[in-house]
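Scope of the values below: all heavy atoms of this structure, side chains included, with no hydrogens, waters or symmetry mates. Since the model is a prediction, treat every value here as computed from it, not as a measurement.
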Amino acid sequence: MVLGLRQFSHRTGDAAGEPVLDANNGEELIHVQPGVAIALGSRAPEAPGTLYISTHQVIWLSDVERNKGYAVDFLSISLHAVSRDPEAYPSPCIYAQIETVAEEEGSDGSDSEYDETLDLSKVKEMRLVPSDPTQLDTLFEVFCECAELNPEPSEEGEGGGHDWVFSADSMEREAGEGEEPDWHSNPTTSIGYSNGEHELAQNVLELQIHDQRFEDAEEMEHQESNSGHH
């Protein structure tokens, strides 16, 4: 596996077809979404292309420049989420954080996301902007399904993997007794899964947990009121 984002231009047919997948290793195409722009790092989105999601990787191929394309393995995606907050990004999109070679090696090199020359090995963020925002939830579900097919290898052979599923109870236990979980974002504007990072999962669960607390409080008041009448 190549860590991080990489160039991809292997297409079927006359360089105008679908991406060539690694069928020998069981890679299968799961979803195709046309009309998707891609924004790498802080750069402006490129002209729309077609998004291909396979069991192993995410591939974006340009519809304008047939030799241009990018790919990233699911094992290199440490977090993905739906972003609909215009303050975070002007267009609704799938936001992804990417593990890079520089991070793996502990390098403090310059971030090429801000340089004129794009070094894909240092790109840490990717946004996929569909022309039809109603497809975001479908894309997110496909991302989740394929990510779960690619658990992070454990050095000890067990106990590793992506922390794809979080529960309200576990999040409260982590916060500690008598402490409030440290939520910062509005849970209605983003949903996401992360590899070991709980912030987005906490955002999703905030409303659920608070609703449960309100229900518990109302139930206690109702019980106290009933006992007061006897």
Side-chain angles (χ1 to χ4, degrees), residues 1-13 15-40 46 48-63 66-83 93-101 103-104 120-121 123-132 134-166 191-197 200-201 204:
M1 182 195 76
V2 178
L3 195 64
L5 195 68
R6 64 187 186 278
Q7 295 279 0
F8 190 100
S9 58
H10 304 297
R11 303 187 189 221
T12 59
E18 296 183 346
V20 177
L21 304 180
D22 188 3
N24 292 333
N25 285 324
E27 184 178 13
E28 299 178 5
L29 186 62
I30 300 299
H31 187 80
V32 179
Q33 185 65 50
V36 177
I38 187 171
L40 303 178
E46 300 196 22
T50 302
L51 183 68
Y52 300 88
I53 303 176
S54 79
T55 50
H56 293 177
Q57 59 187 328
V58 177
I59 302 169
W60 178 88
L61 297 178
S62 172
D63 291 340
R66 292 298 180 176
N67 61 344
K68 174 180 281 190
Y70 307 107
V72 58
D73 291 328
F74 275 104
L75 284 174
S76 291
I77 299 177
S78 59
L79 177 151
H80 65 272
V82 174
S83 174
C93 64
I94 294 290
Y95 169 80
Q97 288 184 359
I98 300 173
E99 294 182 15
T100 66
V101 175
E103 288 177 330
E104 189 77 5
L120 294 180
S121 68
V123 174
K124 302 176 183 178
E125 294 181 325
M126 173 180 69
R127 291 176 175 85
L128 300 167
V129 187
S131 56
D132 181 4
T134 64
Q135 296 300 313
L136 278 176
D137 289 337
T138 298
L139 289 174
F140 178 76
E141 290 175 4
V142 175
F143 260 72
C144 293
E145 292 171 3
C146 293
E148 289 177 348
L149 296 176
N150 295 271
E152 186 173 300
S154 171
E155 294 181 0
E156 299 179 359
E158 59 178 335
H162 293 75
D163 296 330
W164 295 120
V165 180
F166 300 91
I191 56 176
Y193 280 155
S194 65
N195 176 13
E197 299 292 340
L200 280 176
V204 178

Minimum heavy-atom separation for [X] and [Y], please, with both atom names.
X: Q33; Y: V36; value: O-CG2, 3.4 Å
X: A71; Y: Q57; value: CB-OE1, 3.7 Å
X: E18; Y: L29; value: OE1-CD2, 3.7 Å
X: P19; Y: F8; value: CB-CE2, 3.5 Å
X: S76; Y: G4; value: OG-N, 3.1 Å
X: Y95; Y: E125; value: OH-OE2, 2.6 Å

Exactly one of H31, E27, E28 clears side chain to side chain donor-acceptor pair (under 3.5 Å) with S54, and that residue is E27
*asked:* For L139 and V82: C-alpha separation, side-chain torsions, deciding distance, then whether side chain to side chain contact (heavy atoms under 4.5 Å, CB included) applies.
replied: CA-CA 9 Å; L139 289 174; V82 174; over 6 Å; no
Heavy-atom side-chain proximity of [X] to [Y] below 4.5 angstrom:
X: C146; Y: I30; answer: yes
X: F74; Y: H80; answer: no
X: I77; Y: V72; answer: yes
X: V58; Y: F143; answer: yes
X: V32; Y: L51; answer: no
X: R127; Y: I94; answer: no
X: S78; Y: I98; answer: no

**Study point:** Point-to-point distance, once rounded to the nearest 0.5 Å, from NE2 of H10 to CG of D22
**Key:**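 Interatomic distance, H10 NE2 to D22 CG, rounded to 0.5 Å: 11.0 Å.
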**Asked** How many angstroms lie between atom CG of L136 and atom CG of L128, to the nearest 0.5 angstrom?
**Response**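 Here the interatomic distance stands at 9.5 Å.
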Could you walk me through whether T100 and V123 pass the side chain to side chain contact (heavy atoms under 4.5 Å, CB included) check?
CA-CA 7 Å; T100 66; V123 174; 5.8 Å; no
Verdict with supporting geometry, I59 and L21, side chain to side chain contact (heavy atoms under 4.5 Å, CB included)
CA-CA 10 Å; I59 302 169; L21 304 180; 3.9 Å; yes
Worked check of side chain to side chain contact (heavy atoms under 4.5 Å, CB included) between M126 and I38:
CA-CA 7 Å; M126 173 180 69; I38 187 171; 3.9 Å; yes
* Asked: Just checking, any donor-acceptor pair under 3.5 angstrom between side chains of Y70 and Q7?
  ->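 There is no such pair between these side chains.
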#### Entry: Any donor-acceptor N/O pair, D73 side chain to L75 backbone, under 3.5 Å
no
Hey, are K124 and E99 close enough for a salt bridge, meaning a charged N less than 4.0 Å from a carboxylate O? no
